[in-house]
*Asks:* 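To start, I am sharing the structure in question, which I have written as structure tokens.
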Amino acid sequence: MRIATIDILKILSIFFVVMAHTTLYFLNRSGNDVILCFLRQAGLLGVSLFFVCSGYFLLNNKHENQANYVIGKIKGIVGVLVFWLVFYYVYDNEFISRFTNIPDIGFLNYLNVSNANTEATPLWFIFAVIPLYVFTPLFRYSFKKEHAAEILKILILMVVISNLTLVNALTGAYFSFAIFPFNLLIPFQPEGLICFLIGGYLGLVKPSLRPFGIAHLAALFAAIAALIALSLISSHAGIAIFYGKFYNLLLLAAAVGLFVFMTNLNINTAPTWVNSLSENVLGIYLVHNIFVIEIHNAFIHEKLLRMTGITDTYLYILLYSLLAFLLSYGLCRLLRRTRVTARLVTL
């Protein structure tokens, strides 16, 4: 099932991710820059929207055998993961190492993208999707219109409980204690779970707003305001306070607001180039770090900044991100030309 507005949203989301990964080099050198924090948080917004979109479709799928459906999906994911883990290991150690120092990380340690800072680190998202696929058959049978009100209540409860972690962070920073035990919090905090379930809920109820009416514009305003607030807090408290916490209330508000705004735009068909880009969003995610080089990137940015003479950091980030995005898209188009290589960038 293709929905033009969601296709556009996915394209925006992957560009946000590419731009956020480009931003890291500059954020490491100017951690309190609110615009850099905004660009970095926009990447988290992009990933949150991927989780929302996944829930929107998966938790409302019409397959008769849910278990066989998700097992087939997981098999495809595992094959793709293995290839790109091996690829980035070779890429780091045989190519990037020629230009800069690369820490000596054994292959088995390299596989754990959560613990090793490498160019394969963005693959954490693919690992995070696997549990959500496993849970899909269990959730799917609950996602019926007659249960919508109950689902909403549970989602609100999950959001409230998961965000008590932020209360712990504040009390820990100012008073040196954390009041809520992690045994209560952790079950509600798996990466992307709440976004995934919210996506399923939105796919179930399909909230309808009059395009560019007050409520519709309020959704966009709420998304922008939440992202700005998140960036301001991050610029003062440090990016780590919220980074990777996809359950945090501000990020959820930004994701839901933008999703609702986009899906209520009166766009029924999209140009061919939008369809083409949308079909390659997963592939762009998988290959973009070949060009972005998020972790070991000093050598390329220092050289390009000297060569181009660009002094505006934000302009440079935008231009480099656009270049990396287009190169990634081009590579995906090439890989999709044969059946064998197409499997490396599709599921």
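All residue numbers in this chain count up from 1 along the given sequence.
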*Asks:* Is there a side chain to side chain contact (heavy atoms under 4.5 Å, CB included) between Leu132 and Leu58 once you walk through the steps?
*Replies:* CA-CA 9 Å; Leu132 300 180; Leu58 279 174; 5.8 Å; no
*Asks:* Please tabulate, for side-chain N and O atoms in residues 216-226, each donor-acceptor pair with protein atoms closer than 3.5 Å (sequence neighbours left out).
*Replies:*
unit_1 : atom_1 : unit_2 : atom_2 : d
His216 : ND1    : Phe212 : N      : 2.7
His216 : NE2    : Phe261 : O      : 2.7

*Asks:* Pairs under 3.5 angstrom only: tabulate donor-acceptor contacts from the side chains of residues 301-309 to other protein residues two or more places apart or in another chain.
*Replies:*
unit_1 : atom_1 : unit_2 : atom_2 : d
His301 : ND1    : Tyr316 : OH     : 2.7
Thr308 : OG1    : Leu304 : O      : 2.7
Thr308 : OG1    : Ile310 : N      : 3.4

*Asks:* Under the 3.5 angstrom rule, does the side chain of Tyr110 hit a backbone N or O of Tyr88 as a donor-acceptor pair?
*Replies:*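 Yes; judged by distance alone, with no hydrogens or angles, the pair exists.
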*Asks:* Is a salt bridge present between Glu294 and Arg40, judged by a nitrogen-to-oxygen distance below 4.0 Å?
*Replies:*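 Yes.
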*Asks:* Could you tell me which residues satisfy side chain to side chain contact (heavy atoms under 4.5 Å, CB included) with Thr5, sequence neighbours excluded, listed by chain and number?
*Replies:*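 Scan of Thr5 (side chain to side chain contact (heavy atoms under 4.5 Å, CB included), adjacent residues dropped) gives Ile3, Thr263, Leu265, Ile267.
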*Asks:* Using side chain to side chain contact (heavy atoms under 4.5 Å, CB included), reason through Tyr320 and Ile300 one step at a time and then give a plain yes or no.
*Replies:* CA-CA 11 Å; Tyr320 188 88; Ile300 190 166; 3.4 Å; yes
*Asks:* Looking only at the side chains, is there a donor atom on one of Asp33 and Tyr314 sitting less than 3.5 Å from an acceptor on the other?
*Replies:* yes
*Asks:* Before giving the answer on side chain to side chain contact (heavy atoms under 4.5 Å, CB included), spell out for Leu258 and Leu49 the whole-Å C-alpha distance, their side-chain angles and the decisive distance to 0.1 Å.
*Replies:* CA-CA 9 Å; Leu258 187 54; Leu49 287 166; 3.8 Å; yes
*Asks:* Go through the structure and list residues passing side chain to side chain donor-acceptor pair (under 3.5 Å) with Ser231, not counting sequence neighbours.
*Replies:*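 In terms of side chain to side chain donor-acceptor pair (under 3.5 Å), with neighbours along the sequence ignored, Ser231 is linked to no residue.
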*Asks:* Atom CG in Leu322, atom CE in Met19: separation rounded to 0.5 Å?
*Replies:*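 The CG atom of Leu322 sits 10.0 Å away from the CE atom of Met19.
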*Asks:* Asp7: what forms a salt bridge (charged side-chain N to carboxylate O under 4.0 Å, His left out) with it, not counting sequence neighbours?
*Replies:*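 For Asp7 the salt bridge (charged side-chain N to carboxylate O under 4.0 Å, His left out) partners, ignoring immediate neighbours, are Arg2.
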*Asks:* Show me the pairs that pass ring-ring contact (aromatic ring centres under 6.0 Å, His included) and involve residues 33-55, at least two apart or across chains.
*Replies:*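 As it turns out, the ring-ring contact (aromatic ring centres under 6.0 Å, His included) pairs with a partner in residues 33-55, which skip direct neighbours, are Phe50-Phe125, Phe51-Phe125, Phe51-Phe246.
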*Asks:* Using 30° and 60° as the class limits, which term best fits the ring planes of Trp84 and Phe87: parallel, tilted or perpendicular?
*Replies:*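 Perpendicular, since the angle between the ring planes exceeds 60°.
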*Asks:* How about His288 and Phe291: are their ring centres within less than 6.0 Å of each other?
*Replies:* no
